[in-house]
Chemist: 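The structure that follows is given in the form of structure tokens.
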There are 2 protein chains.
Amino acid sequence: MNVSTKPERTRLSAENWEVAALQLIAEQGVGALAVEALARQLGVTKGSFYWHFRTREALLNAALERWEQYGEREVINEIEQITDPRKRLPELFRRVAHELQPHRVYAALLKALDHPQVVPVMARVSQRRMEFLTTAYREAGLAPPQALNRARLTYAAYVGFLQLNFTLGLPRINHEEFEAYVEHMIATLIPA
Amino acid sequence: MNVSTKPERTRLSAENWEVAALQLIAEQGVGALAVEALARQLGVTKGSFYWHFRTREALLNAALERWEQYGEREVINEIEQITDPRKRLPELFRRVAHELQPHRVYAALLKALDHPQVVPVMARVSQRRMEFLTTAYREAGLAPPQALNRARLTYAAYVGFLQLNFTLGLPRINHEEFEAYVEHMIATLIPA
DNA sequence: CGCAACCCATACTCACCCGTATGGTCACCC
DNA sequence: GGGTGACCATACGGGTGAGTATGGGTTGCG
């Protein structure tokens, strides 16, 4: 029997470092992404790290790119397969609401918008999602200006919810209550 | 004529440090709150700082407390004077929308929810605002559960908007467009 | 005037973390 | 079975920023 989470004596690849970095970002934020700390967590030393990456920045960029790439095919591609436009938005809401785990990185990145490296990534991701929401609302029957504003409102509500529940603890909404909240969002934001 | 913003050769008080800290937080975030940097900005050295405060943490706490105290009588007390409950929410929306400046600190603090010192402060502030919103929605005619969820939605939209516009730059919404967005929020979130 | 209390400068120490240099140890393959 | 390259440890240099020690200057006040 091995000691817990330590004795994986296999060699590491750049990918290992990247996913470890993303996990650390999700748990402790971008600011906590330190080379030596990550190395300790992986059971190696900096010597390993600087073989795979030229610098700390390089790791951050690689991790961000990996996350962005994954997010590409995460939700949007799945939702786009729903043919009936009127079913799309409620389904999107419910699906996003029940996959809170992949949003941890996004929430952490929101808190790191002072780092110049994350701004372009977040700008691209948010922009794509906004456009997706906007067209979805248009297809649901809203006029273009209304659709854009409703998309803004919806996305802001999503972002704000992440902040208020992941990072801030607030009265820690429970499960049934959360379901009711999601349905309330659907009823309020999606045109009948 | 004196050189710009430098030659205030008056002695400093703890209060001076606190407001300077808040300004720096609003502009560059909690992470940028460094003792020596602040001292340079105030035209003194660390020697001064460590006379007024025992540690950097102490300054942060003092600054946060000052901000929380001020926020107490900031908006809520003004709005509560509006007698007609149905006029209250639209007025609140419009007023908050046009005073984006005082929200800079709040936006900066949202990005610092990993620091254990800011969490309780933000929890209290957000909790108070949420309760205010909830009763406002009840007085506007919503049933208690609906009112609570609508308050959650509204406040999340507010928080998210701060994130997406202050820190992230997104297509930088302009003035008329912003007005239209606010009216859209009012029409969507406030019951007729 | 003179003495405190108050405010600040200078000069450190200490801890952390990035990046570099260099040598060691496996795996794999001809 | 020896050599080459991938992977990692160790040790070091350098920068930054928090906190301490201590002495000097200024202000209020008796």
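To find a chain, count down the sequence lines: A is the first, B the second, and so on, and within it residues start at 1. Because only heavy atoms are used, hydrogens play no part in the values below, and waters and symmetry mates are left out as well, while side chains stay in.
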Chemist: Which whole-number value in Å describes the distance from B:Gln41 CD to D:dG17 P?
Modeler: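 One finds 14 Å between P of D:dG17 and CD of B:Gln41, rounded.
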
Chemist: Return yes if a side-chain donor-acceptor contact under 3.5 Å exists between B:Tyr155 and B:Thr134, otherwise no.
Modeler: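 The answer is no; no qualifying pair exists.
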
Chemist: Measure the distance from CH2 on B:Trp17 to C1' on C:dC7 and round it to the nearest whole Å.
Modeler: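 Taking CH2 of B:Trp17 and C1' of C:dC7, I get 11 Å after rounding.
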
Chemist: Please determine whether a side-chain nitrogen of the Lys or Arg among B:Glu179 and B:Arg94 lies less than 4.0 Å from a carboxylate oxygen of the Asp or Glu.
Modeler: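 Salt bridge absent between B:Glu179 and B:Arg94.
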
Chemist: Nearest to the side chain of A:Ala34 - C:dC7, C:dC8, C:dC18?
Modeler: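 For A:Ala34, the side-chain atoms sit closest to C:dC18.
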
Chemist: Roughly how many Å is it from CG in B:Leu42 to C1' in C:dA9, rounded to a whole number?
Modeler: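 Roughly 15 Å, once rounded to whole Å.
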
Chemist: Heavy-atom count around A:Glu139 CD within 6.0 Å, excluding the residue itself: above 12?
Modeler: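 Result for CD/A:Glu139: enclosed.
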
Chemist: Got a salt bridge between B:Arg56 and B:Glu36, using NZ or NE/NH1/NH2 to carboxylate O under 4.0 Å?
Modeler: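 A salt bridge is absent here (no side-chain N lies under 4.0 Å from a carboxylate O).
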
Chemist: Is it true that B:Glu91 and B:Arg86 have a side-chain N and a carboxylate O under 4.0 angstrom from each other?
Modeler: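 Salt bridge: no.
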
Chemist: Between B:Arg66 (side chain) and B:Val19 (backbone), is there a donor-acceptor pair under 3.5 Å?
Modeler: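 No, because the side chain of B:Arg66 does not come within donor-acceptor range (under 3.5 Å) of the backbone of B:Val19.
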
Chemist: May I have the distance from B:Leu38 (atom CG) to D:dA18 (atom C1'), rounded to whole angstrom?
Modeler: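 Value for this atom pair: 14 Å.
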
Chemist: Please give, in whole Å, the distance from D:dA6 P to A:Trp51 CH2?
Modeler: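 A:Trp51 atom CH2 is separated from D:dA6 atom P by 5 Å.
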
Chemist: Could you list all N or O pairs between the protein and nucleotides 19-25 of chain D that sit under 3.5 Å apart?
Modeler:
unit_1: D:dG19; atom_1: OP1; unit_2: B:Thr55; atom_2: OG1; d: 2.8
unit_1: D:dG19; atom_1: OP2; unit_2: B:Tyr50; atom_2: OH; d: 3.3
unit_1: D:dG19; atom_1: OP2; unit_2: B:Thr55; atom_2: OG1; d: 3.1
unit_1: D:dG19; atom_1: OP2; unit_2: B:Arg56; atom_2: N; d: 2.9
unit_1: D:dG19; atom_1: N7; unit_2: B:Lys46; atom_2: NZ; d: 3.0
unit_1: D:dG19; atom_1: O6; unit_2: B:Lys46; atom_2: NZ; d: 2.0

Chemist: Ring centroid separation for A:Phe132 and A:Tyr137, is it under 6.0 angstrom?
Modeler: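 They do not qualify: ring centres at least 6.0 Å apart.
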
Chemist: Report the nucleotide, chosen from C:dC7, D:dC7, D:dA9, that has the shortest atom-to-atom distance to any side-chain atom of B:His52.
Modeler: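 Out of C:dC7, D:dC7, D:dA9, the nucleotide with an atom closest to B:His52's side chain is C:dC7.
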
Chemist: Let me check something: any side-chain donor-acceptor pairs from residues 47-54 of chain B under 3.5 Å, sequence neighbours excluded? List them with distances.
Modeler:
unit_1: B:His52; atom_1: NE2; unit_2: B:Leu12; atom_2: O; d: 3.2

Chemist: What dot-bracket string describes DNA chain C from 5' to 3', counting Watson-Crick and G-U wobble pairs whose defining distances are under 3.5 Å, with [ ] for crossing pairs and | for pairs to another strand?
Modeler: |||||.|||||||||||.||||||||||||

